[in-house]
There are 2 protein chains.
Amino acid sequence: IADRDLLFLRRHVARLHESEMGDLLEAIQPEQRRQLVSLLGADFDLAALTEVDEAIRLDIVEHLPNEQLAAALGEMDSDDAVYILEDLDQKDQEEILSKLPFTERIRLRRSLDYPESTAGRRMQTEFVAVPPFWTVGQTIDYMREDGDLPESFSQIFVIDPTFRLLGAVDLDRILRAKRGTKVEAIMRETNHPIPAEMDQEEAAQLFEQYDLLSAAVVDENGRLVGVLTIDDVVDVIQEEAEEDLMRLGGVGDEELSDTTIETVRSRAPWLLVNLLTAFVAASVISLFEATIEEIVALAVLMPIVAGMGGNAGSQTMTVTVRALATRNLDIHNAWRVVRREAGVGILHGVAFGLMIGLVAGVWFHDPNIGGVIAAAMLINMTAAALAGIAIPLFLDRAGADPAVSSAVFVTAVTDIVGFFAFLGIATWWFALR
Amino acid sequence: IADRDLLFLRRHVARLHESEMGDLLEAIQPEQRRQLVSLLGADFDLAALTEVDEAIRLDIVEHLPNEQLAAALGEMDSDDAVYILEDLDQKDQEEILSKLPFTERIRLRRSLDYPESTAGRRMQTEFVAVPPFWTVGQTIDYMREDGDLPESFSQIFVIDPTFRLLGAVDLDRILRAKRGTKVEAIMRETNHPIPAEMDQEEAAQLFEQYDLLSAAVVDENGRLVGVLTIDDVVDVIQEEAEEDLMRLGGVGDEELSDTTIETVRSRAPWLLVNLLTAFVAASVISLFEATIEEIVALAVLMPIVAGMGGNAGSQTMTVTVRALATRNLDIHNAWRVVRREAGVGILHGVAFGLMIGLVAGVWFHDPNIGGVIAAAMLINMTAAALAGIAIPLFLDRAGADPAVSSAVFVTAVTDIVGFFAFLGIATWWFALR
């Protein structure tokens with residue numbers, strides 16, 4: 001495509017929606033990417049960059065002249081502009097900001113002053129605000145005449161002379177009201193203004209709980225500084241859910257465009273922790289070397305006990321971690337869920353213990369082996385259930401993210417208990433006879 | 001709370017937001033729940049039921065008289081009403097529908113006619129639609145006068161006399177335009193009307209891709225039948241992400257309010273499948289009983305090889321499953337990602353192989369054991385990486401949901417390859433010497 005056929009490119013590519021443009025950029029080679037962007041020049045809509053991987057975004061932005069960036073950013077919604085600016089290094093940020101007109105610069109700098117992942121970073125600083133004594137007619141006329149409105153909005157805000165937030169009016173309320181109605185008569189008091197310092201995840205939860213479409217963001221003095229819209233929140237919700245899934249799977253914030261070396265580095269720490277627990281489990285086995293030497297069947301069967309426990313534990317853990325993340329699990333019902341999981345562990349332990357015991361007894365022509373493995377299964381399945389719920393709960397209480405490290409600890413418990421119970425019971429039982 | 005202090009209840013509880021009411025209902029005991037609902041009577045906002053677990057919803061709805069249900073449903077947004085109705089059995093559905101006024105009944109029945117999890121089921125059938133030749137002034141006057149508008153809306157639709165969808169106008173565009181402007185002049189042609197039969201997941205993806213706030217839903221003839229709003233879509237996105245996480249963890253559609261027996265039943269099938277693969281792995285070990293009898297150290301170390309492979313495989317699998325779910329992985333980049341994962345597997349295999357080999361060699365005072373386990377680790381980490389990406393890709397191609405069954409197969413591969421490689425190499429090497 002990028003054979004410098006400028007006319008063709010202008011006609012087709014420049015007309016794509018920003019997210020389609022983003023997909024296109026992700027699909028092609030790095031050199032083609034830079035060529036395409038520089039060929040399109042001012043026709044290239046920077047908003048497409050909010051739709052691509054961080055690595056690709058940085059690569060393109062670094063190859064664009066700062067003048068062009070500044071011009072393009074000045075025309076974008078402030079939240080998208082901040083999204084692109086925040087990844088740049090301090091020097092480039094300053095240079096680009098200094099090229100922007102005064103009001104834009106102030107706005108962007110204020111957003112960038114809030115810490116990463118807060119509502120203040122994600123908010124859009126363009127909004128429509130009117131005083132409470134205006135009538136609906138005045139408000140509509142104001143909107144008809146003022147050219148400097150945000151690109152799209154679904155709410156207008158009502159503020160006092162010091163910019164303090166009084167309330168909000170959905171656009172449909174304005175359209176339904178008579179021209180003479182005062183704005184304060186139809187405004188809703190905002191019960192949930194979002195402090196700019198609030199974590200974006202908490203803000204997203206407010207949106208979800210109250211089915212909000214947009215919400216005012218206020219500074220520490222209750223003054224309106226921006227608006228957070230649902231499309232930003234959808235991204236946050238998606239990211240948070242994805243984060244939990246990735247962390248449970250033992251992978252961090254990696255992206256599909258990461259290189260082999262980056263991936264090796266980001267995944268190695270988790271494997272290393274697992275290696276340590278694996279050695280602990282191995283040393284448990286080595287306690288019983290003498291027994292295994294005598295009865296090799298134990299070595300054949302012991303991974304079944306540990307493995308089944310691990311799976312049952314990870315089932316319980318998945319449910320617990322997810323319930324904690326969605327705030328569905330709290331003091332009110334924790335005790336009931338713990339009792340239920342313990343019940344599930346015991347029942348599964350009895351059922352699968354009998355099943356495995358029967359198969360193992362027949363396989364090795366020894367009912368003793370069947371009995372030993374059945375007993376070990378019951379113990380390990382119960383331990384798995386308790387570990388699966390207790391470990392995430394404890395980590396959550398201790399202020400750690402249960403999604404990150406629960407899996408390691410749960411597997412460690414089920415391996416160690418599994419090997420110890422199975423080999424220990426076997427040693428004791430066969431010594432008795 | 002539910003000591004029949006009606007005045008207190010009316011004053012405090014009835015004023016709660018529907019989602020707070022939902023949380024309250026989830027926190028209290030079943031009997032208290034029914035008492036509370038019947039005490040509140042007509043003051044109870046049924047919308048709170050859209051915020052609770054399915055089991056609790058059914059329980060409450062079944063204890064409400066059908067007359068009261070019908071009256072309450074008639075006042076709700078149609079999408080919420082359908083959400084509550086769809087869980088009821090055919091007989092109750094019919095009885096309640098027959099008690100509703102004609103237009104409401106037709107609307108709800110049409111939504112219920114669409115299959116579950118489609119856009120048609122989730123849509124709201126209340127919307128504002130005007131002909132293209134109306135002016136902005138006419139439209140505003142119409143909205144001021146008509147009492148039968150939806151509770152809130154952010155878009156109005158433009159239709160021809162046969163209800164065919166022509167376009168949509170955001171409310172802010174209307175407010176900005178002069179009264180004399182024709183609606184067709186400011187409408188956007190709808191590029192992405194959502195067919196009522198479209199799966200809700202696909203619809204959610206359209207919302208995300210194009211940052212939509214609401215979208216028209218059309219029937220097979222292109223006629224406007226409803227509107228899908230972002231708040232419904234947020235729920236869908238959340239549910240889909242949660243589903244993947246739960247499936248990867250080997251748990252199905254269970255809810256926190258399920259009983260012990262329900263939980264035992266829903267999780268047992270997955271454990272059973274794992275049991276079968278565990279027996280296959282055990283039978284691999286049993287091939288090498290003679291070798292283990294001679295060198296017990298092998299039994300001590302073999303879980304390390306299998307376990308590390310399992311963890312590495314599940315890292316790759318998590319990334320792959322998530323990338324497939326978000327449609328980030330396709331033919332364009334699949335080959336690159338496969339190469340990367342293979343590279344990661346080999347590098348991790350070399351690094352952890354050397355580490356484990358060294359520790360094992362020192363532990364058992366035998367460099368041969370160290371060499372054998374290092375070689376086995378390299379083989380199993382590579383196999384883990386390939387299985388971690390190939391199995392989800394294959395399942396996806398075959399039309400199965402990779403989140404459901406990938407984990408079982410990946411663990412099976414890493415266990416079997418791990419035991420076979422380690423014990424096989426050991427048998428061959430020690431026989432040579």
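In what follows, every heavy atom counts, from backbone to side chain, and hydrogens, waters and symmetry copies are set aside.
- Neither the backbone nor the side chain of B:Met377 comes within contact range of chain A; no heavy atoms are under 4.5 Å apart.
- Pairing each heavy atom of A:Asp172 with each of B:Leu171, the nearest pair is N-CD1, 3.4 Å.
- Heavy-atom distances place the side chain of A:Ile261, and not its backbone, under 4.5 Å from chain B.
- The stretch residues 305-312 of chain A places A:Met308, A:Asn311, A:Ala312 near chain B, each with some heavy atom under 4.5 Å from a heavy atom of that chain.
- A:Val264 is listed as a side-chain neighbour of B:His348, based on a closest heavy-atom distance under 4.5 Å.
- Of the possible donor and acceptor atoms, one in the side chain of A:Arg144 sits under 3.5 Å from a partner among the backbone N and O of B:Ala177.
- With chain B as partner, the option from A:Ser314, A:Ala268, A:Gly343, A:Ala323 having the largest number of non-hydrogen pairs under 4.5 angstrom is A:Ala268.
- Top candidate by heavy-atom pairs under 4.5 Å with chain A, chosen from B:Leu175, B:Val321, B:Asp141, is B:Leu175.
- In this structure, A:Ile304 and B:Ala282 approach most closely via the heavy-atom pair CD1-CB, 3.8 Å.
- Put simply, the side chain of A:Ile356 reaches to within 4.5 Å of the side chain of B:Phe279, judged on heavy atoms.
- Applying the ring pair (Phe, Tyr, Trp, His ring centres under 6.0 Å) test to A:Phe207 and every residue at least two apart in sequence or in another chain returns nothing.
- Chain A forms more heavy-atom pairs under 4.5 Å with one residue of B:Val359, B:Val337, B:Leu301, B:Thr277 than with any other, namely B:Val359.
- Within the 4.5 angstrom heavy-atom criterion, atoms from both the backbone and the side chain of A:Leu271 approach chain B.
- Heavy atoms of A:Phe352 lying under 4.5 Å from chain B belong exclusively to its side chain.
- Residues A:Arg247 and B:Thr318 have side chains not in contact (no heavy-atom distance under 4.5 Å, counting atoms from C-beta outward).
- Your options are A:Ser286, A:Ala281, A:Ala360, and the one with the most heavy-atom pairs under 4.5 Å with chain B is A:Ser286.
- Neither the backbone nor the side chain of A:Thr411 comes within contact range of chain B; no heavy atoms are under 4.5 Å apart.
- For A:Leu347, the part lying near chain B is the side chain, with the backbone staying farther off; criterion is any non-hydrogen pair under 4.5 Å.
- Between A:Ala299 and B:Ile292, the closest heavy-atom pair is CB-CG2, 4.2 Å.
- Under the 4.0 Å criterion applied to side-chain N and carboxylate O atoms, A:Glu341 and B:Arg267 are assigned as salt-bridge partners.
- In terms of non-hydrogen atom pairs under 4.5 Å with chain A, the most contact-rich of B:Ile295, B:Thr263, B:Val284, B:Ile140 is B:Thr263.
- Going from atom OG of A:Ser154 over to atom CD of B:Gln155 covers 11.0 Å, rounded to the nearest 0.5 Å.
- For A:Phe288, no part lies near chain B; criterion is any non-hydrogen pair under 4.5 Å.
- Across every non-hydrogen atom of B:Pro303 and A:Met302, the tightest pair is CG-CE, 4.3 Å.
- Between chain A and the residues B:Thr229, B:Asp170, B:Leu275, the largest count of heavy-atom pairs under 4.5 Å involves B:Leu275.
- Of the listed residues (B:Glu289, B:Met317, B:Glu294, B:Arg173), the one with the most heavy-atom contacts under 4.5 Å to chain A is B:Glu289.
- What you find for B:Met355 and A:Leu272 is that their closest heavy atoms are SD-CD1, 3.7 Å.
- Contact of A:Arg179 with chain B is made through backbone and side chain together, with heavy-atom distances under 4.5 Å.
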